[in-house]
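Computed over heavy atoms, backbone and side chain alike; hydrogens, waters and symmetry mates excluded. The chains referred to below are lettered A, B, ... by the order of the sequence lines, with proteins before strands, and numbering in each begins at 1.
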Amino acid sequence: MLDTASAPVLELSNIRKAFGGIVAIEDFSLDVRAGEVVALVGDNGAGKSTLIKIISGVYAPTSGAIRIDGQEVSMPNATKAREHGIEVVYQDLALVDQQPVYMNLFLGRELTKGPFRVLDRRQMIAETERLVTELDVRIPSAHATISDLSGGQRQGIAIARATHWARKLVLLDEPTAALGVAETAKVEKTVAALKSRDIGVLIISHSLDQVFRLSDRICVLRRGKQIGVRETAKTDKNEIVSMITGV
Amino acid sequence: MSASSPAAPASPVRALLARINLQQYVVYVGFLAIFLFFAVVLRDSGFLTQRNLVNIVLQTAPATIMAIGLVFVLSAGDIDLSFGSTVAVSALCAAMAMAAMPAAAFPVGILAGLGAGLLVGAINGVLIAWLRLPSFLVTLATMGLVAGIGRSLTQLRSIPVTDPLFTGIFGSGSLFGVPSLVIWTVVAVAIGHVIYRQTRFGAHVLATGDNARAAQVTGIKVSRIRLWVFMISGGLAGLAGLLYAGRLQAAKYTLGETDLMTVIAAVIVGGTLLNGGKGSVIGALVGSLLMGMLNNGLILMGLSVSDQMIVRGLIILVAVAVSLREKTR
Ligand SMILES: Nc1ncnc2c1ncn2[C@@H]1O[C@H](COP(=O)(O)OP(=O)(O)O)[C@@H](O)[C@H]1O
Ligand SMILES: [Mg+2]
């Protein structure tokens, strides 16, 4: 199935990233195919978030190549990644706290109308309400200010934003770390829905149960080194744990 | 939201109330309270005469124009301390250019005045947005620098402004009986409000001030936004300089000297947060009128200049306290 399926939407080859003297990622290579869920696991400080930020264009890799749909791209900034259909749910969510939900969903891509290109708030609100209902994000209203929402609701908004705009790939950085059981189940349902839309997913998670429920493959990082990639169906928790910890 | 939504609020009234933020209305309540206070206390001193009330609006016009610029700068998470001295240099540049080229006084004066303001704004913006220097320090430095240039330009002398077209349009003129300074105020506030509330640019300014990193990763050109808000502030300071020069029919290095505190107070009282992400152009207008009314009333009450400064300082303290309380609510 792996090689007969569509070509990879994302190919990382020999990615290396150093912050001054600290090597955060060394020699990392990974493919993500359309409709495939790849889990990225590793202890704190392993370099997982850094890797996500390299893919999304927040950091430039020190060396190595990123290909999207087989074409080598350089991503000097986040706009580029978005143009390629890549969306990210960052660990800190990247929400604007004093703005309403609908402005956050359209942040940087606000809808306008008329010759003077004034904000089309009505349209943004309508689309927001449709989206949060569809994803079952329970918020008081599309007008609610982000700072008034709970952690789970905020997470829901960040995920809704990514799934709304994604065309090829969604990167999720610990999307359920702060969530309860029911909210976690919703996020997992959303990931499954992305998969059925043929969108690639790269998810960082500390919950191995979740990783085994969701992913097709598991990639293990330890202190910036890529320890290995396993097909989820052909491995077990013990193997992954020992790859993470190195014992 | 639709009634079928499980999380829809109990009543639309409740939803509306939840969206109302007390702090946005403090300025209007404060304005009314102070107005009523003066109307009663100063009823025999001419506070309520039409002449006096119009005068308040005319006197606050330059401060209101500056306040609009400051709303943009603060909302983007920065501060501008230099607009007060920029006003003087802009007025001086306009006056000197008009004196040098009397044949084309009007266009030359506008170009020189606005150009000087935009130049200071651009210098601030480049240093802050691209060299990533803190706006407080950069504009503190340019404030001093520009004030020095203003003093040395004319060796502290005052330059007369005599072009009738210029003094009419930027000063004493009127259109259909409406004084030109009132027209400038209304037009600037209206345009500023629409840009701030109804355009993507305004939304990006607020996002930049609220969470610059989030703005950046959603594709907003944060550096460009920050450059722009300083250009706006500088340009509006230039316009304020033209209004001073037009109304006083002269330019001097002291113009705008005392406006820094007044304008900051007006903007904060008007509901704009010091730390960015939230503000109001209309609030700044009302805040500016409030400060002007306060000034006027305190003079009519016979308070000394030093007492006036103390009262204004106290008002700023109260305003900042309310603004921070709302923030950490
Ligand atoms: N901007 C940065 N500057 C310097 N070092 C960084 C930066 N970002 C991450 N690092 C370092 O890179 C390593 C990996 O961090 P991170 O990717 O956040 O790990 P993880 O998400 O797996 O917990 C850590 O040692 C961290 O200190
Ligand atoms: Mg991390």
Inset, instruction - Show your reasoning for whether side-chain contact (heavy atoms from CB on, under 4.5 Å) applies to B:Q198 and A:F116. - result: CA-CA 10 Å; B:Q198 301 295 347; A:F116 298 106; over 6 Å; no
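Taking non-hydrogen atoms and a 4.5 Å limit, the residue list of residues 199-207 of chain B in contact with chain A, ordered by number, reads B:T199, B:R200, B:A203, B:H204, B:L206, B:A207. Using a 4.5 Å cut-off between non-hydrogen atoms, the part of residues 216-229 of chain B that approaches chain A consists of B:Q216, B:V217, B:T218, B:G219, B:I220, B:K221.
Interface residue A:Y90: only side-chain heavy atoms are found under 4.5 Å from chain B. Heavy-atom distances place the backbone of A:L95, and not its side chain, under 4.5 Å from chain B. Only the side chain of A:D92 comes within contact range of chain B, with at least one heavy atom under 4.5 Å from a heavy atom of that chain.
Other residues, nucleotides and ligands contribute over 12 non-hydrogen atoms within 6.0 Å of the CZ atom of A:R197. By the neighbour-count criterion of 12 heavy atoms within 6.0 Å, atom CZ of A:R109 is densely surrounded, having more than that number from other residues, nucleotides or ligands. Under a cut-off of 6.0 angstrom, the local environment of CZ in A:R117 is sparse, with at most 12 non-hydrogen atoms contributed by other residues, nucleotides or ligands.
The minimum heavy-atom distance between B:R213 and A:A94, with the atom names listed, is NH2-CB, 4.1 Å.
Considering CD1 of A:I146 and CG of B:N211, their distance stands at 11.0 Å, rounded to 0.5 Å.
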